[in-house]
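As structure tokens, the structure follows; a few thoughts come after it.
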Amino acid sequence: SPFADQESAGGGGGGAAGTGPDEERAASRAVREYVEAIDKRDGTRVCAVLAPGAIQNLQLPREQGGCAGSLSASIGYRDPRGFPVFERTHLDAIGDVAIAAGQARVTATVVTQFADRNEPSIEDDVIYLVEVGGEWRVARPSATLYRAVGKPEVLTREIDGKVHEPVERVSIDVPEE
């Protein structure tokens with residue numbers, strides 16, 4: 001990751017050398033649009049700010065033909081296993097914006113209200129962006145989107161430069177009768 005040095009040093013501090021405030025503002029605008037689209041449950045707007053292939057590994061609870069339809073149907077999904085039910089979200093603040101080599105990492109404070117909880121969840125969400133055709137796009141789903149579609153936690157690991165989500169495999173030995 002172009003941010004490896006910053007991550008190990010504990011943060012970026014507002015962008016990489018050679019990037020200016022205009023790039024940081026553009027990346028911040030993309031994050032604002034992303035969070036606002038999730039809040040409005042507008043799959044078309046969410047998909048418009050996603051990089052190509054950004055959600056190809058995200059298993060949505062309701063598949064409705066494509067990115068926009070599936071996201072619109074999945075945001076606010078009430079999981080029968082009792083996970084928190086997304087109600088609304090808003091961006092409270094943009095913190096650190098780090099930009100390097102056509103990639104950006106934005107730390108945003110996001111406030112999420114769940115329908116089945118009295119108190120909101122206030123979290124710093126790290127949102128990764130890539131530059132596509134001169135515009136900043138969300139490179140992969142962030143915690144805000146995972147929670148909006150009924151997935152309470154997202155655990156990822158980078159292996160050989162690719163982000164991987166865990167897969168659980170279970171094997172049960174049952175005696176023959």
Side-chain angles (χ1 to χ4, degrees), residues 1-60 66-72 74-75 86 88-112 121-149 151-166:
S1 155
F3 305 111
D5 293 337
Q6 294 169 349
E7 288 166 353
S8 63
T19 63
D22 289 343
E23 284 298 306
E24 292 179 17
R25 278 193 291 275
S28 295
R29 263 193 313 274
V31 168
R32 288 181 199 288
E33 174 62 19
Y34 171 68
V35 174
E36 184 177 303
I38 292 170
D39 178 57
K40 301 293 184 194
R41 301 169 187 249
D42 188 337
T44 300
R45 284 176 59 196
V46 175
C47 293
V49 77
L50 294 175
I55 63 166
Q56 70 184 17
N57 295 323
L58 174 61
Q59 293 182 343
L60 295 169
C67 179
S70 295
L71 280 173
S72 291
S74 295
I75 294 174
F86 173 85
R88 64 183 180 273
T89 193
H90 73 271
L91 184 65
D92 187 58
I94 297 282
D96 186 54
V97 179
I99 299 175
Q103 297 182 14
R105 183 189 67 224
V106 177
T107 304
T109 303
V110 179
V111 179
T112 303
S121 169
I122 303 169
E123 298 180 345
D124 284 343
D125 193 3
V126 178
I127 301 170
Y128 291 93
L129 306 165
V130 292
E131 207 168 8
V132 177
E135 294 183 0
W136 289 109
R137 302 285 179 92
V138 175
R140 60 181 181 251
S142 71
T144 301
L145 182 59
Y146 274 87
R147 287 182 180 85
V149 299
K151 295 184 179 283
E153 298 294 327
V154 55
L155 302 173
T156 61
R157 185 169 78 183
E158 192 168 315
I159 302 171
D160 297 328
K162 288 189 160 193
V163 177
H164 295 269
E165 293 181 37

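These numbers come from a predicted model, not from an experiment.
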Is the backbone N or O of Thr144 less than 3.5 Å from a side-chain atom of Asp125, with the two atoms forming a donor-acceptor pair by type?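 A pair under 3.5 Å: yes.
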
Can you check whether Val111's main-chain N or O pairs, donor with acceptor, with Thr89's side chain at less than 3.5 Å?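 Checking the backbone N and O of Val111 against the side chain of Thr89, a donor-acceptor pair under 3.5 Å is found.
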
Go through Asp124 and Thr109 one step at a time and tell me if the side-chain hydrogen bond (donor to acceptor under 3.5 Å, both in side chains) criterion holds. CA-CA 4 Å; Asp124 284 343; Thr109 303; 2.7 Å; yes

4.5 Å side-chain heavy-atom contact, [X] and [Y]:
X      : Y      : answer
Val106 : Ile94  : yes
Tyr34  : Ser142 : yes
Leu58  : Tyr146 : yes
Leu145 : Ile38  : yes
Asp42  : Ile75  : no
Val35  : Asp39  : no
Ile99  : Glu24  : yes
Arg41  : Arg88  : no

Charged tip of Arg147 within 45° of Phe86 ring normal and under 6.0 Å: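 No, Arg147 and Phe86 do not form such a contact.
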
In Å and rounded to the nearest 0.5 Å, what is the [atom1] to [atom2] distance from [X] to [Y]?
X     : Y      : atom1 : atom2 : result
Asp92 : Glu123 : CG    : CD    : 12.5 Å
Arg29 : Glu36  : CZ    : CD    : 13.5 Å
Arg25 : Arg32  : CZ    : CZ    : 11.5 Å

Kindly give the heavy-atom pair with the smallest separation between Ser72 and Gly43, and that separation in Å.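 The answer is OG-N, 2.8 Å.
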
Specify the closest pair of heavy atoms between Ala54 and Val138, including all atoms of both residues, with the distance to one decimal.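 Scanning both residues, the minimum pair turns out to be CB-O, 3.6 Å.
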
Do NZ/NE/NH1/NH2 and the carboxylate oxygens of Glu131 and Arg137 come within less than 4.0 Å?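 Looking at Arg137 together with Glu131, the answer is no, because their closest N to O distance does not fall below 4.0 Å.
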
Step-by-step side chain to side chain contact (heavy atoms under 4.5 Å, CB included) determination, Val126 to Arg105: CA-CA 7 Å; Val126 178; Arg105 183 189 67 224; 3.4 Å; yes

Would you sort out whether Leu50 and Leu71 count as a side chain to side chain contact (heavy atoms under 4.5 Å, CB included), showing the intermediate values? CA-CA 12 Å; Leu50 294 175; Leu71 280 173; 4.2 Å; yes

Run the side chain to side chain contact (heavy atoms under 4.5 Å, CB included) check on Glu23 and Trp136 step by step: do they pass? CA-CA 9 Å; Glu23 284 298 306; Trp136 289 109; 3.1 Å; yes

Of Val46, Ile55, Ile127, which is the lone residue that meets side-chain contact (heavy atoms from CB on, under 4.5 Å) with Pro141?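 With Pro141 as partner, Val46, Ile55, Ile127 yield a single side-chain contact (heavy atoms from CB on, under 4.5 Å), made by Ile55.
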
